[in-house]
Asker: 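My structure is below; once you've seen it, I'll send some questions.
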Amino acid sequence: MKRTLGVCYYPEHWPETQWAEDAARMAALGLTWVRIGEFAWSRMEPTPGTYDWAWLDRAIQTLGDHGLKVVLGTPTATPPRWMLDRHPDMLALDKDGKPRGFGSRRHYCFSHLGYRAECAKIVSAMAERYGKNPHVAAWQTDNEYACHATTLSYSNAAKSAFRNWLAQKYQSPDALNRAWGNVFWSMEYSDWSDIGLPNLTVTEPNPSHVMDFRRFASDEVVSFNRLQTDIIRKHSPAPIAHNYMGAVTEFDHFATGADLDIASWDSYPLGFLSDRIPAPADHKLRFVRQGDPDFQAFHHDLYRAVGRGRWWIMEQQPGPVNWAPYNPDPLPGMARLWAWEAFAHGAEAVCYFRWRQAPFAQEQMHAGLLRPDSAPAQAFGEAEQVARELAKMPDVGTAQAHVALIFDYASDWAWEIQPQGRSFSYFWLVFHIYKGLRRLGLNVDILPSDTADLSAYKLVLAPGLFTLSEPLKAALAAHQGTAILGPRTNSKTENFAIPVPLPPNLPGLDAKVIRVESLPPDVPVPLAEGGNLLHWREKLEATATVTEMAEDGWPALVSSGRLHYLAGWPDDQALTRILHRACAAEGVETDPLPEGLRRRDTATHRFLFNYNPVPAEWGGVAIPPAGVHWTEL
Ligand code: GAL
């Protein structure tokens, strides 16, 4: 497969006289894709029902005339101002019941039927007009579902949709009362219309209520997206993508992914490190201009799974962004390294965001490939270099990993609802384990929690899954390899109750969690062989073999053959030891890497990425800061 580059472009931001020159420069730079359209509703439908496609026809034609392929975005993330006059109640309401108003973007409630009908209309009009356009080679639905925390809405539209969803699921209020345990605090309902949304309660609402609301909200995103894909598919053979985000788990991406052809994500490594990643200050300092060495790779692997093998970077950070607490300039070379790392993880395309820095409105401080005066910015030359390198490079097909890590969106909701300790987070637990694997130089495949076949993997990790799905249980039972589960794995029922027999309740492993404790970050639980459990530990009653013991005499890792259960959150030292031991047992070769250096094997090449601000040396190779090195395998 030919891997390609692209860019995000907003023809509506620039005089039409500039389009041809822009397109010529994009083509000369070696770009293939141009994503357009996703915020242009006010220009497509300036007044209700009156469309103006002429400018978009010409923009697409101009790009096509220069040999560029268009990714056409549906504009539903930015309903124009007139929409509010037609549907004053279309706004999402926040947890306090306050409307999320007009004046930026994503100010809609997924459950509002009137807004859905408007979306269906504009998407139909676009798909009819451009579905057979030879230059429209891919579609994007909406833009970054969940961005700005917009999945949950506490509106009347959401409330009535939630009641219908519950009625379908439980069939009778009695069944719902039993499932949720509503006898507790006299919370029993006698009619669907009694049930509210889980906000504005005096103290915490019932976790089962919140969990169902989270599932419902996720389903609303899925059906909103499907409304669009169903329409587009009627008119266009081109593949459909959505652009997901980093560390955003508000809806089940595997579920939306099932209706799409390509998963893509928007990668802003420096923004994420500054804004999202809970890392110690020295880590943030070391990687301030490069980004966390594992955060991008984690999402590449996650979205490869969401896209069932097909995935892109739809937006790649080109220089300083505008939205993080601090917005440093990337180290020269990073805009190239990030792109190559994506290709090494199997990306079909990497598109930079954006072509030219906008001198107006919210994102005027956000870099592009061009400065506002149209001169090349730092990333322009780096993109040019990647394009030249790609042209010379034979394909870098994805290799089969030996290690699988399970990721489950619903588990993230569950532990957000009931963390039981401020520092317990499912997402960061999984990411922590992923980092441990990457430090050992391993390729990792991420799999969904309903995976039914693990036979390709020698080592499987499933930390923190709140329930075990039936397919996964069967796959684990049949697995001929090492599996490490826990902490918290299988510790709730689907209805969010503690199961009896007590967890983890794994066939063949005699171990029972009899007590759990959460701990402040400065209260470690030392392990006999060194290292600690942090944040979370479980006390086990077990006859299974104790493989790791805490200094206080409680088991920390118990094993029965190749099935292991981890009774806490291991720190780096303990995690490395546990992973090393598991890899050795399965004959998986490890390559412990120096800080900030990462390795990725493709079917044909071994890549090394130096995320450090200083040179790195490995295997006799010197790699400069922000350097990428590859050799044929
Ligand atoms: C993304 C978004 C883009 C732009 C970009 C800025 O989250 O999809 O529209 O806002 O961030 O970094």
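Hydrogens, waters and symmetry mates are skipped; everything else that's a heavy atom, side chains included, is used. Both counts, for ligands and for their atoms, begin at 1 and track the order of listing.
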Asker: Check whether any side-chain heavy atom of W41 lies under 4.5 Å from a side-chain heavy atom of W82, and answer yes or no.
Answerer: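 Side chain of W41 against side chain of W82, heavy atoms only: contact under 4.5 Å found.
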Asker: Of F360, F353, W323, which is the lone residue that meets ring pair (Phe, Tyr, Trp, His ring centres under 6.0 Å) with H366?
Answerer: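 Single ring pair (Phe, Tyr, Trp, His ring centres under 6.0 Å) partner of H366 among F360, F353, W323: F353.
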Asker: Would a 4.5 Å heavy-atom cut-off, applied to side chains only, mark E315 and R35 as touching?
Answerer: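 When only atoms from C-beta onward are counted, R35 and E315 do touch, with a gap below 4.5 Å.
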Asker: Which protein heavy atom lies closest to atom 5 (C) of ligand 1, and at what distance to 0.1 Å?
Answerer: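 Ranking protein heavy atoms by distance from atom 5 (C) of ligand 1, first comes Y268 OH, 3.3 Å.
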Asker: Atom 3 (C) of ligand 1: which protein heavy atom is closest, and how many Å away?
Answerer: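 The closest one turns out to be E315 OE1, 3.3 Å.
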Asker: I need the contact type for E38 against ligand 1. Using non-hydrogen atoms and a strict under-4.0 Å cut-off, is it side chain, backbone, both or neither?
Answerer: neither
Asker: I'd like to check which ligand 1 atoms, numbered from 1 as shown, lie under 4.0 Å from a non-hydrogen atom of H366.
Answerer: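 Reading through ligand 1 atom by atom, the close ones are 6 (C), 12 (O).
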Asker: Near D266, which atoms of ligand 1 are under 4.0 Å from a heavy atom of that residue?
Answerer: 8 (O)
Asker: Decide whether a cation-pi geometry holds between R43 and W55; the criteria are a distance under 6.0 Å from NZ or CZ to the six-membered ring centre and an angle within 45° of the ring axis.
Answerer: no
Asker: Hey, are the side chains of V71 and E38 touching, using non-hydrogen atoms and a 4.5 Å cut-off?
Answerer: no
Asker: If you measure from each non-hydrogen atom of Q317 to ligand 1, which part falls under 4.0 Å: side chain, backbone, both or neither?
Answerer: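 Near ligand 1, Q317 shows nothing, with every heavy atom at 4.0 Å or more.
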Asker: Do any N/O atoms on E144 end up under 3.5 angstrom from N/O atoms on ligand 1?
Answerer: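 It does: an N or O of E144 is found under 3.5 Å from an N or O of ligand 1.
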Asker: Residue-level breakdown please: for R105 versus ligand 1, do any non-hydrogen atoms fall below 4.0 Å on the side chain, on the backbone, on both, or on neither?
Answerer: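 It is the side chain that gets close, since no backbone atom is under 4.0 Å.
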Asker: Please indicate whether any nitrogen or oxygen in W323 is less than 3.5 Å from any nitrogen or oxygen in ligand 1.
Answerer: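 N/O-N/O distance under 3.5 Å: yes.
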Asker: Using a 3.5 Å cut-off on N or O atoms only, is E363 in polar contact with ligand 1?
Answerer: yes
Asker: Relative to the ring of Y434, is the ring of F431 parallel (under 30°), tilted (30 to 60°) or perpendicular (over 60°)?
Answerer: parallel
Asker: Over 60° means perpendicular and under 30° means parallel, so tell me whether Y108 and F224 are parallel, tilted or perpendicular.
Answerer: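 If you compare the ring of Y108 with that of F224, the planes turn out parallel.
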Asker: Identify, by atom number and element, the atoms of ligand 1 in contact range of F39, meaning under 4.0 Å from any of its heavy atoms.
Answerer: 9 (O)
Asker: Answer whether the closest heavy-atom distance between the side chains of R81 and S42 falls below 4.5 Å.
Answerer: no
